[in-house]
Amino acid sequence: MAWTWQSAIFFGFIACCLIAMSIWERLSPGGNPRDGVLGLQTTRGDRLFISLLGSAFIHLGWLGIIGQPLWGAVAVSFIYAVLVFNFV
Amino acid sequence: MSTKTVNQKAWFMVLPVVLLVAFNAVIPLMTVVNYSLQETFGDNVFFYEGLTWFEQVLHSERFHAALGRQAAFTLIILLIEIPLGVAIALAMPRKGIGVPVCLVLMSLPLLIPWNVVGAMWNIFALPEIGLLGKTLNSLGFDYNYTRQPFDAWATTIAMDVWHWTSLVVLLAYAGLSAIPDDFYQAARIDGASRWSVFRYIQLPKLKRVLTIAILLRFMDSFMIYTEPFVLTGGGPGNTTTFLSIDLVKMALGQFDLGPAAAMSIIYFLVILLVSWVFYTYTMRHED
């Protein structure tokens, strides 16, 4: 599969997100759907999906418009994810 | 003590599906991500390139053009196939011998393999000997899909409409058949017009099946490869080179696995985003 440590970290991060979400739900159940600012009913899992998908496009946009390095895109994605988890 | 029953056996029941998805989706996707960060010249030897291929693809005129052609193609076929499919489904008989006859006729194009559809239309549209091409030329049109971009596009769209409108028809017909007669009786009592019956009874009841139909047709047409490849080979020039054709040319023709993998990931993300937005917003008021 031609692994690199960078891609291993990437998939490891996604796996950690899924595990953290499971632990979170176990410790503090509350993943029921709720209405957010986008007019959607979202669960915690939905909000993680929206955060990850949006972050992918933030990174692509940053790479296409500004270029490397991507630390700015990481910061914007983090802020975006916090907003999604709080308001979407 | 909690009386809630916790049965973890259910996890074992879904294990086969998890394994299947892992083997046919997750592992290939991981491989593509790995390839997108590296360069290879064969012999399973790879060199790390970082995000170079993503930058290259994002700035590539060729990718922008293929994406534009792909989006235009998908939009056009959706605008034709969905209304046409619903119209045919509405016109189909509800009972009698006509039902099986229509259903079989509608299913026939779906049973034909994609490369055969491409080959059929290739011969059918040939300007010198094909029935369509020769007829159009004898009527005075200067038709030649191998030379003229407009003709190539029109033929590719006609082929897709011929092949896939049936799917929309069958889904819409199933949706229409599921509407109870009571709704129509109430509409008759109220003196509703044919348009009102369609607008306020049939169309809302078709919402779910049409959502599925649009999603299926969007995803399928956005990934279209075999039919236009057999019909036009992506030509004349690059005018019918859609994303999949361009991707295969890059990955297999040029053996540029890194840029092709980066392009695949961007391609996948676009399909995922559009499908998710469409599905979520269409179904947001459903239970």
Side-chain angles (χ1 to χ4, degrees), chain A residues 1-19 22 25-26 29 32-74 77 80 84 88, chain B residues 2 4 6 11 22-23 26-40 42-60 63-64 67 257-258 261-263 265-277 279-287:
Chain A
M1 286 171 72
W3 280 100
T4 63
W5 64 262
Q6 291 88 345
S7 46
I9 287 177
F10 171 73
F11 284 110
F13 170 74
I14 291 178
C16 286
C17 283
L18 295 175
I19 293 166
S22 307
E25 186 61 28
R26 189 88 178 171
N32 293 330
R34 68 152 197 234
D35 289 317
V37 290
L38 296 178
L40 302 174
Q41 281 208 328
T42 56
T43 62
R44 278 180 185 159
D46 294 330
R47 291 192 282 276
L48 176 70
F49 175 76
I50 295 168
S51 302
L52 291 175
L53 188 58
S55 299
F57 279 96
I58 289 170
H59 280 78
L60 284 177
W62 191 284
L63 195 62
I65 297 164
I66 299 171
Q68 297 192 60
L70 289 177
W71 295 114
V74 173
S77 298
Y80 167 74
V84 166
V88 173
Chain B
S2 169
K4 189 178 165 190
V6 178
W11 288 107
F23 274 100
V26 179
I27 291 174
L29 189 64
M30 284 176 164
T31 311
V32 171
V33 171
N34 288 333
Y35 279 20
S36 72
L37 302 174
Q38 300 176 84
E39 171 69 296
T40 181
D43 290 335
N44 218 19
V45 179
F46 291 88
F47 304 94
Y48 184 70
E49 290 283 348
L51 296 168
T52 311
W53 304 136
F54 284 95
E55 270 188 303
Q56 186 180 306
V57 171
L58 287 170
H59 291 120
S60 151
F63 175 70
H64 296 163
L67 186 64
L257 292 186
M263 189 173 156
I265 290 169
I266 297 169
Y267 191 1
F268 167 69
L269 286 172
V270 170
I271 293 180
L272 190 61
L273 178 74
V274 176
S275 303
W276 180 80
V277 169
Y279 184 79
T280 308
Y281 275 92
T282 315
M283 304 304 275
R284 72 184 189 280
H285 294 306
E286 301 287 321
D287 289 331

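Order of the sequence lines fixes the chain letters, A, B, ..., with proteins taken first and strands second; residue numbering starts at 1 for each chain.
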*chain B heavy atoms under 4.5 Å from A:Q68: which part of the residue, side chain, backbone, both or neither?*
both
_Report which part of B:L37 has an atom under 4.5 Å of a heavy atom belonging to chain A: side chain, backbone, both, or neither._
side chain
*When B:F46, B:F54, B:Y35, B:W276 are compared by non-hydrogen pairs under 4.5 Å with chain A, the top option*: B:W276
*If you round to the nearest 0.5 Å, how far is CD1 of B:I266 from CZ of A:F57?*
9.0 Å
*Can you tell me how far CD of B:E55 sits from CG of A:L60, rounded to the nearest 0.5 angstrom?*
11.0 Å
_Using every non-hydrogen atom in the two residues, find where A:T4 and B:N34 come nearest and quote the distance to one decimal._
N-OD1, 4.2 Å
*asked:* Given heavy-atom pairs under 4.5 angstrom as the criterion, report whether the side chain, backbone, both or neither of B:I27 touches chain A.
replied: both
*With rounding to the nearest 0.5 Å, note down the distance linking OG1 in B:T280 to CG in A:D46.*
7.5 Å
*A:L63 versus chain B, heavy atoms under 4.5 Å apart: side chain, backbone, both or neither?*
both
*So which heavy atom on B:L58 is nearest to which on A:G64, and how close?*
CD1-N, 3.7 Å
*Under 4.5 Å from a heavy atom of chain B, the part of A:L40 involved*: side chain
_Part of A:I50 lying under 4.5 Å from any heavy atom of chain B_ = side chain
*Roughly how far, to the nearest 0.5 Å, is CZ of A:F49 from CG of B:L272?*
4.0 Å
*asked:* For the OH atom on B:Y48, are there more than 12 heavy atoms of other groups (residues, nucleotides or ligands in this structure) within a distance under 6.0 Å?
replied: yes
